Student: 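Take a look at the following structure, please.
Keep in mind that this is a model prediction, so the values were computed, not measured.
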Amino acid sequence: MAVRPGLWPALLGIVLSAWLRGSGAQQSATVANPVPGANPDLLPHFLVEPEDVYIVKNKPVLLVCKAVPATQIFFKCNGEWVRQVDHVIERSTDGSSGLPTMEVRINVSRQQVEKVFGLEEYWCQCVAWSSSGTTKSQKAYIRIAYLRKNFEQEPLAKEVSLEQGIVLPCRPPEGIPPAEVEWLRNEDLVDPSLDPNVYITREHSLVVRQARLADTANYTCVAKNIVARRRSASAAVIVYVNGGWSTWTEWSVCSASCGRGWQKRSRSCTNPAPLNGGAFCEGQNVQKTACATLCPVDGSWSPWSKWSACGLDCTHWRSRECSDPAPRNGGEECQGADLDSRNCTSDLCVHTASGPEDVALYVGLIAVAVCLVLLLLVLILVYCRKKEGLDSDVADSSILTSGFQPVSIKPSKADNPHLLTIQPDLSTTTTTYQGSLCPRQDGPSPKFQLTNGHLLSPLGSGRHTLHHSSPTSEAEEFVSRLSTQTYFRSLPRGTSNMTYGTFNFLGGRLIIPNTGISLLIPPDAIPRGKIYEIYLTLHKPEDVRLPLAGCQTLLSPIVSCGPPGVLLTRPVILAMDHCGEPSPDSWSLRLKKQSCEGSWEDVLHLGEDAPSHLYYCQLEASACYVFTEQLGRFALVGEALSVAAAKRLKLLLFAPVACTSLEYNIRVYCLHDTHDALKEVVQLEKQLGGQLIQEPRVLHFKDSYHNLRLSIHDVPSSLWKSKLLVSYQEIPFYHIWNGTQQYLHCTFTLERVSPSTSDLACKLWVWQVEGDGQSFNINFSITKDTRFAELLALESEGGVPALVGPSAFKIPFLIRQKIISSLDPPCSRGADWRTLAQKLHLDSHLSFFASKPSPTAMILNLWEARHFPNGNLSQLAAAVAGLGQPDAGLFTVSEAEC
């Protein structure tokens, strides 16, 4: 291309100027290079210069230059001139100065920048020419924008206590331009300008100066630039509150109004209450201390003083004081007068009475006395004559000649229909007084006194046989007629938790199947000549209002036996389960009975030094046996004396037998460790179509005010999904401790990922405090696994619910009578009923047995209640034979002989 000669100096100057600057790439803004001798005002100056830009994805960027005056403008990128064809040029004239204006634009692609990527930064610059010289614009850097996916540091979940500081670090992903960081709290933007308790550091960490409950949330760090927006994993921040004790309450009133007792005070873990998994308060919530209350002493009169001398008014007096003892501690004052006076008849009074009225008075008194003497003599004469007539009648009577006659015990039906027919043994004689019998004070029915009858005599050389009559048509008609009376029609009938039967003096037994509840009616407990229909009923706690105070809790089922008010001559024995862990240092146990008015009374305090003679309770590990001569409604109640007091809970796991949907429910039952509670749950699950999936466990639930927690773990996420929204479920302490609800349950719902999933393996925890609980390792097939079903098979418990007569007892009747007659009399060598009680471990309250007419009978009755129907007669026989009685060989029996 030909160049005009006049342009060579200018071009040469431009080239020399660029060469002199050399490798020192222009870092400053606009640089002018004037031509020597030219007008510097006509050098180009830029109206628009290129600026730094970012290439987003694959979009090219546009660079613009505009200068005035300018005859040529070219772009140079990274030291190389951009081809002219890549320039878009627009020429114009400046309207104010008339100078030529030139605007040039170029596009820079991602490929151009990537060619030099890693060597140096990609830059572009404008060079403008005019007749006076050249001017270079500022450099514009072109960078490829990006934002990596992974954060260099993400926030982590934290649990902090209230008012503690929180720091959540966040280092955003690498990017160009550098990412801006913002924080989200539960998807809401955190704005430090609106919350002075929060600020963000230069390193992008979120800082909470003092944690508040409202700061419990999910926090997310968000990084963004012109390319993308990245979110970190959410960090769950839980602000927990550790529990704090409230102040102690005032000490309660002493439990004993007289003498030694207990008083207590309590506090609650509510200042503050633990929240969000905060620690429960440490220490006891109840304190107990011994107290002693002065017993009130009622006042009592001292002996009367001697009579005073007779006064002028013909009276003398005597006095006494309320000082033997004097009333104290709120005792009552003495009742009556402390001064007594009466007329006296001393000589002084006779001599001083000189009026005619006094003489007439004394004459009248003497006449009355004579009349009374005469009347008494007449009465004596009449009595003597009547007595002589009575003696003559008795002498003529046949009673004196006939004496005692042997008679049959079997009376005629017309004479006495209330006696059960008994066939006597004719080999022995039975003597009975053949005359009128004195009725008992507590009932009009007669009772025959068998003095040498075969039922009470020791085993002798003769053969003794007791025949129990079978129910004939006449007996059935009699019982049917008796049942139609109003008294028996009022008995409850027709429920699975109730049984009844008709009994006489031979006794019997009532059993409510599968509940552990029975009533033993020993022989001779019902008076001879009486027939009672007796019932035994198990009540649901929610149906009976049993008031509980303080730390009291129901430990046994509520059981009724009746009808109340019937006459019993021997104690019956009521057997029932309990769920307490007996310990004299941890429990105060009381037997409660409901009165006729409906109120509940403490009839027996177990462990007292002076037991009641009306009631006795033999307490064992899981059952109690109550002796009572008064039928009614009973319950065993315990009061915790320390936090070591514990109730036994049975834990049962049930699940559906067949699963027809994706959801599968596991039901966890927490119930009293008694047979009646187990029976109710089993019957309920049969209705629901459930099956037992694990062997039952026992948990000791303590009086610590801690709730019961249940959780499920290690559920295979590839097969199952837990629908539980919290980490554990909770049953409140008081729902379990008060005992009014026999069973409680929680349900864990799992969802199968696929309908073909049939195997389930996980762990289920049940605990009250950390480290003290039970765990179940569940591993079974939900479609065909039934290996635990037989664990809950209900037993028959001796067959029929009502047993009458000898069939109700393990010890044969005649053997029983022989043992009683041999061991009741005291023995100098100690081989009596006391030694038998020790051998059978029934010697805790010998005083109760000693208060009964036959202590041996009480011991044998208790043995029957404890060991029916699985008792071992050989062991009892060995215990009796080991007493060292001379005729102990007579007690040896075998099962075949029984």
Side-chain angles (χ1 to χ4, degrees), residues 298-322 324 332-407 411-412 414-416 418-419 430-452 527-530 565 567 569 853:
D298 297 336
S300 181
W301 292 112
S302 64
W304 287 101
S305 65
K306 294 183 178 180
W307 288 101
S308 66
C310 194
L312 296 178
D313 56 351
C314 292
T315 60
H316 60 173
W317 55 270
R318 61 179 180 174
S319 63
R320 58 180 179 176
E321 296 180 351
C322 189
D324 190 22
E332 295 184 357
E333 296 285 343
C334 301
Q335 303 295 323
D338 59 349
L339 191 64
D340 183 23
S341 63
R342 68 180 182 181
N343 291 332
C344 55
T345 55
S346 63
D347 294 338
L348 178 60
C349 289
V350 173
H351 294 312
T352 57
S354 58
E357 296 84 355
D358 295 335
V359 175
L361 175 63
Y362 286 111
V363 172
L365 291 175
I366 293 172
V368 171
V370 172
C371 293
L372 291 176
V373 171
L374 293 175
L375 179 62
L376 180 60
L377 291 175
V378 172
L379 292 175
I380 293 174
L381 290 174
V382 173
Y383 175 77
C384 291
R385 289 182 179 275
K386 287 186 176 181
K387 186 173 186 300
E388 290 173 359
L390 181 61
D391 291 341
S392 63
D393 294 338
V394 173
D396 295 336
S397 174
S398 61
I399 298 178
L400 296 178
T401 59
S402 62
F404 293 92
Q405 300 295 332
V407 296
S412 63
D415 293 338
N416 195 346
H418 296 286
L419 291 179
T430 303
T431 59
T432 306
Y433 181 72
Q434 191 173 11
S436 61
L437 299 176
C438 296
R440 293 173 56 91
Q441 294 180 357
D442 49 6
S445 300
K447 177 182 178 183
F448 285 96
Q449 185 69 28
L450 301 180
T451 57
N452 292 317
R528 294 175 182 261
K530 297 279 189 179
L567 173 65
T569 58

Student: Ser302 side chain to Asp324 main-chain N or O, any donor-acceptor pair under 3.5 Å?
Tutor: no
Student: Using 0.5 Å steps for rounding, measure from the OG1 atom of Thr569 to the CZ atom of Arg528.
Tutor: 9.5 Å
Student: Can you check whether Arg318 reaches Lys306 side chain to side chain, under 4.5 Å on heavy atoms?
Tutor: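 When only atoms from C-beta onward are counted, Lys306 and Arg318 do not touch, as no gap falls below 4.5 Å.
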Student: Can you name the residues that form a side chain to side chain donor-acceptor pair (under 3.5 Å) with Ser308, not counting sequence neighbours?
Tutor: Trp317
Student: Can you measure from CG (Leu381) to CG (Leu376) and round to the nearest 0.5 angstrom?
Tutor: 10.0 Å
Student: Which heavy atom of Ala309 sits nearest a heavy atom of His316, and at what distance?
Tutor: O-CB, 3.7 Å
Student: Could you go through Cys314 and Cys344, starting from their C-alpha distance and side-chain angles, then the distance that decides it, and tell me whether this counts as disulfide bond (SG atoms under 2.5 Å apart)?
Tutor: CA-CA 5 Å; Cys314 292; Cys344 55; 5.7 Å; no
Student: Please find the pair of heavy atoms, one from Cys334 and one from Ser300, that lie closest to each other, and give the distance.
Tutor: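 Residues Cys334 and Ser300, closest heavy atoms: SG-N, 3.2 Å.
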Student: Return the set of residues passing side-chain contact (heavy atoms from CB on, under 4.5 Å) with Glu332 (not counting sequence neighbours), or none when no residue passes.
Tutor: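 Partners of Glu332 by the side-chain contact (heavy atoms from CB on, under 4.5 Å) criterion, ordered by chain and then number, come out as Asp298.
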Student: Quick one: CH2 on Trp307 to OG on Ser341, what's the gap to the nearest 0.5 Å?
Tutor: 7.0 Å
Student: Rounded at 0.5 Å granularity, tell me how far CG in Leu375 sits from CD1 in Ile380.
Tutor: 10.0 Å
